Participant: 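Here it is: the structure, laid out below.
All of these numbers come straight from a predicted model, not from anything done at the bench.
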Amino acid sequence: MTVANINTNHEAQIRQLISDQQRAICAKDVDQIMSHYANEVILFDVKPPFQTKGKDAVRQIWEDCLPYFPNSFEMETRDLTIAVNDNLATAHWLFHFTGEQDHPAMKMWLRATAVYQKNQGNWQILHEHISVPFAPETSQAVFTLNP
């Protein structure tokens, strides 16, 4: 298999992992969500704390926030870009939640960046960064694609 074919296969695996992760989030399945994280994961989330270290702490973040999401929702992803080699990959994309239009979580777009590492043949999330931009002139968060 050529390097190009290997990288294409790795990229497909990362795309599948992202898709699986999003389905698990929409299902509010914490065990399935956590199955994608490395033990030594570091999360930079949209809400405090500034960083969360380790799989147990990330699990607690998910357990604390998922009850605030509506019972049924989906995720829309745009501009997914992946760079990958044999054991390390990065991805970045824009996403938002869709569903109950009046729910606060459905009203914002977020930015995601993730670093994946291959561990015993499986890709795992080593670092995840979720953020929203802000308007420096007002110090207000910008939640829409076209402010």
Side-chain angles (χ1 to χ4, degrees), residues 7-120 122-147:
N7 286 347
T8 299
N9 185 41
H10 289 327
E11 181 177 332
Q13 291 171 357
I14 296 298
R15 285 182 185 278
Q16 187 63 53
L17 188 153
I18 292 168
S19 178
D20 291 348
Q21 183 76 338
Q22 289 178 340
R23 269 194 303 283
I25 292 167
C26 293
K28 297 185 180 183
D29 185 339
V30 176
D31 289 336
Q32 190 60 34
I33 292 168
M34 295 311 302
S35 72
H36 301 290
Y37 287 104
N39 288 330
E40 63 277 9
V41 64
I42 296 178
L43 173 65
F44 293 171
D45 205 355
V46 292
K47 62 182 193 60
F50 272 53
Q51 65 179 349
T52 303
K53 292 183 179 183
K55 203 169 183 175
D56 292 338
V58 170
R59 173 182 280 279
Q60 190 63 55
I61 295 282
W62 281 112
E63 288 175 350
D64 291 346
C65 78
L66 285 173
Y68 294 98
F69 282 78
N71 290 331
S72 177
F73 63 96
E74 302 280 326
M75 294 175 75
E76 178 185 352
T77 300
R78 288 192 187 171
D79 304 332
L80 175 59
T81 302
I82 298 170
V84 64
N85 66 26
D86 288 343
N87 296 308
L88 208 59
T90 62
H92 57 84
W93 64 94
L94 304 173
F95 74 95
H96 79 121
F97 301 104
T98 62
E100 295 178 23
Q101 294 303 317
D102 60 338
H103 192 281
M106 307 303 132
K107 297 181 182 198
M108 69 179 103
W109 280 87
L110 300 140
R111 304 177 297 188
T113 303
V115 177
Y116 304 90
Q117 185 173 35
K118 200 168 225 189
N119 183 7
Q120 297 179 353
N122 294 313
W123 290 100
Q124 296 180 318
I125 303 166
L126 188 61
H127 175 68
E128 194 170 57
H129 187 145
I130 309 297
S131 65
V132 295
F134 79 100
E137 63 279 1
T138 64
S139 295
Q140 298 295 309
V142 177
F143 296 115
T144 60
L145 290 178
N146 299 314

Participant: If you measure from CD1 on Ile33 to CD on Gln21, what distance do you get to the nearest 0.5 Å?
Facilitator: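 It comes to 6.0 Å.
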Participant: Is there side-chain contact between Asp86 and Lys118, with heavy atoms separated by less than 4.5 Å?
Facilitator: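 The answer is no; the side chains never approach within 4.5 Å.
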Participant: Supply the atom-to-atom distance Glu11 CD to Ile14 CD1, rounded to the nearest 0.5 angstrom.
Facilitator: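 These two atoms lie 9.0 Å from each other.
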Participant: Once rounded to the nearest 0.5 Å, what's the spacing between atom CH2 of Trp62 and atom CG of Asp31?
Facilitator: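 The CH2 atom of Trp62 sits 13.5 Å away from the CG atom of Asp31.
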Participant: Check Tyr116 against Ala91 and note the closest heavy-atom contact, atom names and distance.
Facilitator: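 Smallest heavy-atom distance, with atoms named: CE1-CB, 3.8 Å.
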Participant: Quick one: sort the Trp93 and Phe95 rings into parallel, tilted or perpendicular, breaks at 30° and 60°.
Facilitator: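 The rings of Trp93 and Phe95 sit tilted, inter-plane angle from 30° to 60°.
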Participant: Against Phe97, only a single residue in Trp109, Phe73, Tyr68 fulfils ring-ring contact (aromatic ring centres under 6.0 Å, His included); can you say which?
Facilitator: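 Between Phe97 and the candidates, ring-ring contact (aromatic ring centres under 6.0 Å, His included) is satisfied uniquely by Phe73.
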Participant: Test Arg78 against Leu145 for side chain to side chain contact (heavy atoms under 4.5 Å, CB included), laying out the working first.
Facilitator: CA-CA 11 Å; Arg78 288 192 187 171; Leu145 290 178; 2.9 Å; yes
Participant: Roughly how far, to the nearest 0.5 Å, is NE2 of His129 from CD of Gln51?
Facilitator: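 Reported value, rounded in 0.5 Å steps: 11.0 Å.
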Participant: Asp29 versus Met34: any side-chain heavy-atom pair under 4.5 Å?
Facilitator: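 Side-chain contact under 4.5 Å: no.
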Participant: Measure across Met108 and His96 and return the closest heavy-atom pair with its distance rounded to 0.1 Å.
Facilitator: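 Where Met108 meets His96 most closely, the heavy atoms are O-CB, 3.1 Å.
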Participant: Considering all heavy atoms of both residues, which atom of Ala135 and which atom of Val142 are nearest to each other, and what is their separation?
Facilitator: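 Scanning both residues, the minimum pair turns out to be N-CG2, 3.7 Å.
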Participant: Name the residue from Val41, Leu43, Ile42 that meets the side chain to side chain contact (heavy atoms under 4.5 Å, CB included) definition with Thr52.
Facilitator: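 So, applying the side chain to side chain contact (heavy atoms under 4.5 Å, CB included) to Thr52 and each of Val41, Leu43, Ile42, only Leu43 qualifies.
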Participant: Apply side chain to side chain contact (heavy atoms under 4.5 Å, CB included) to Asn71 and Lys28, showing your working.
Facilitator: CA-CA 9 Å; Asn71 290 331; Lys28 297 185 180 183; 4.2 Å; yes
Participant: Within the side chain of Ser19, is there an N or O that forms a donor-acceptor pair under 3.5 Å with the backbone of Gln16?
Facilitator: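 Not at all, since once roles are kept as given, no pair shorter than 3.5 Å links the two residues.
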Participant: Can you confirm whether Asp64 is buried at CG, in the sense that more than 12 heavy atoms of other residues, nucleotides or ligands lie under 6.0 Å from that atom?
Facilitator: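 Check passes, neighbour count above 12.
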Participant: Between Ile125 and Val58, is the side chain to side chain contact (heavy atoms under 4.5 Å, CB included) condition met? List the steps.
Facilitator: CA-CA 11 Å; Ile125 303 166; Val58 170; over 6 Å; no
Participant: Do Asp102 and Pro70 touch side chain to side chain, with heavy atoms closer than 4.5 Å?
Facilitator: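 Not in contact.
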Participant: Is Asn119 close to Asn39 at the side-chain level, that is, under 4.5 Å between some pair of heavy atoms?
Facilitator: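 A side-chain contact under 4.5 Å is absent here.
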Participant: Using a 6.0 Å cut-off, check whether atom CD of Glu63 has over 12 heavy atoms from anything other than its own residue.
Facilitator: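 Buried by this count: over 12 neighbours within 6.0 Å.
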Participant: Where do Gln13 and Val84 land on the side chain to side chain contact (heavy atoms under 4.5 Å, CB included) test, with the steps shown first?
Facilitator: CA-CA 10 Å; Gln13 291 171 357; Val84 64; over 6 Å; no
Participant: To the closest 0.5 Å, what do you measure between CD1 (Ile130) and CD (Glu128)?
Facilitator: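 Nearest 0.5 Å value for the CD1-CD distance: 4.5 Å.
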Participant: Between Gln117 and Glu40, is any pair of side-chain heavy atoms under 4.5 Å apart?
Facilitator: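 Contact flag for Gln117/Glu40 side chains = yes.
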Participant: Provide the closest heavy-atom pair for Ile61 versus Pro49 in the form atom of the first, atom of the second, distance.
Facilitator: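 That would be CD1-CD, 4.3 Å.
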Participant: Charged N to carboxylate O under 4.0 angstrom, Asp20 versus Arg23?
Facilitator: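 Salt bridge between Asp20 and Arg23, a charged N being under 4.0 Å from a carboxylate O: yes.
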Participant: So do the side chains of Thr113 and Thr90 get within less than 4.5 Å of each other, counting heavy atoms only?
Facilitator: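 Sidechains of Thr90 and Thr113: no contact.
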Participant: To check you understand the geometry: which heavy-atom pair defines the closest contact between Lys47 and Cys65, and what is its length?
Facilitator: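 Shortest heavy-atom contact: CE-CB, 4.3 Å.
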Participant: Less than 4.5 Å apart, side chain to side chain, heavy atoms only: is that true for Ile82 and His10?
Facilitator: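 Heavy-atom side-chain distance check fails, nothing below 4.5 Å.
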Participant: Check this for me: Gln120, atom CD, are more than 12 non-hydrogen atoms of other residues, nucleotides or ligands nearer than 6.0 Å?
Facilitator: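 Counting neighbours around CD of Gln120, 12 or fewer heavy atoms of other residues, nucleotides or ligands fall under 6.0 Å, so no.
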Participant: Considering residues at least two apart in sequence or located in another chain, which fulfil the side chain to side chain contact (heavy atoms under 4.5 Å, CB included) criterion with Ala141?
Facilitator: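 Val132, Phe143.
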Participant: Can you see which heavy atom on Lys53 is nearest to which on Ala57, and at what distance?
Facilitator: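 Residues Lys53 and Ala57, closest heavy atoms: O-CB, 3.4 Å.
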Participant: Ring centroid separation for His127 and Phe44, is it under 6.0 angstrom?
Facilitator: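 Between Phe44 and His127, which both carry aromatic rings, the centre distance is below 6.0 Å.
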Participant: Starting at CG of Leu94, measure out to CZ of Arg111 and round the result to the nearest 0.5 Å.
Facilitator: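 Between atom CG of Leu94 and atom CZ of Arg111 there are 8.5 Å.
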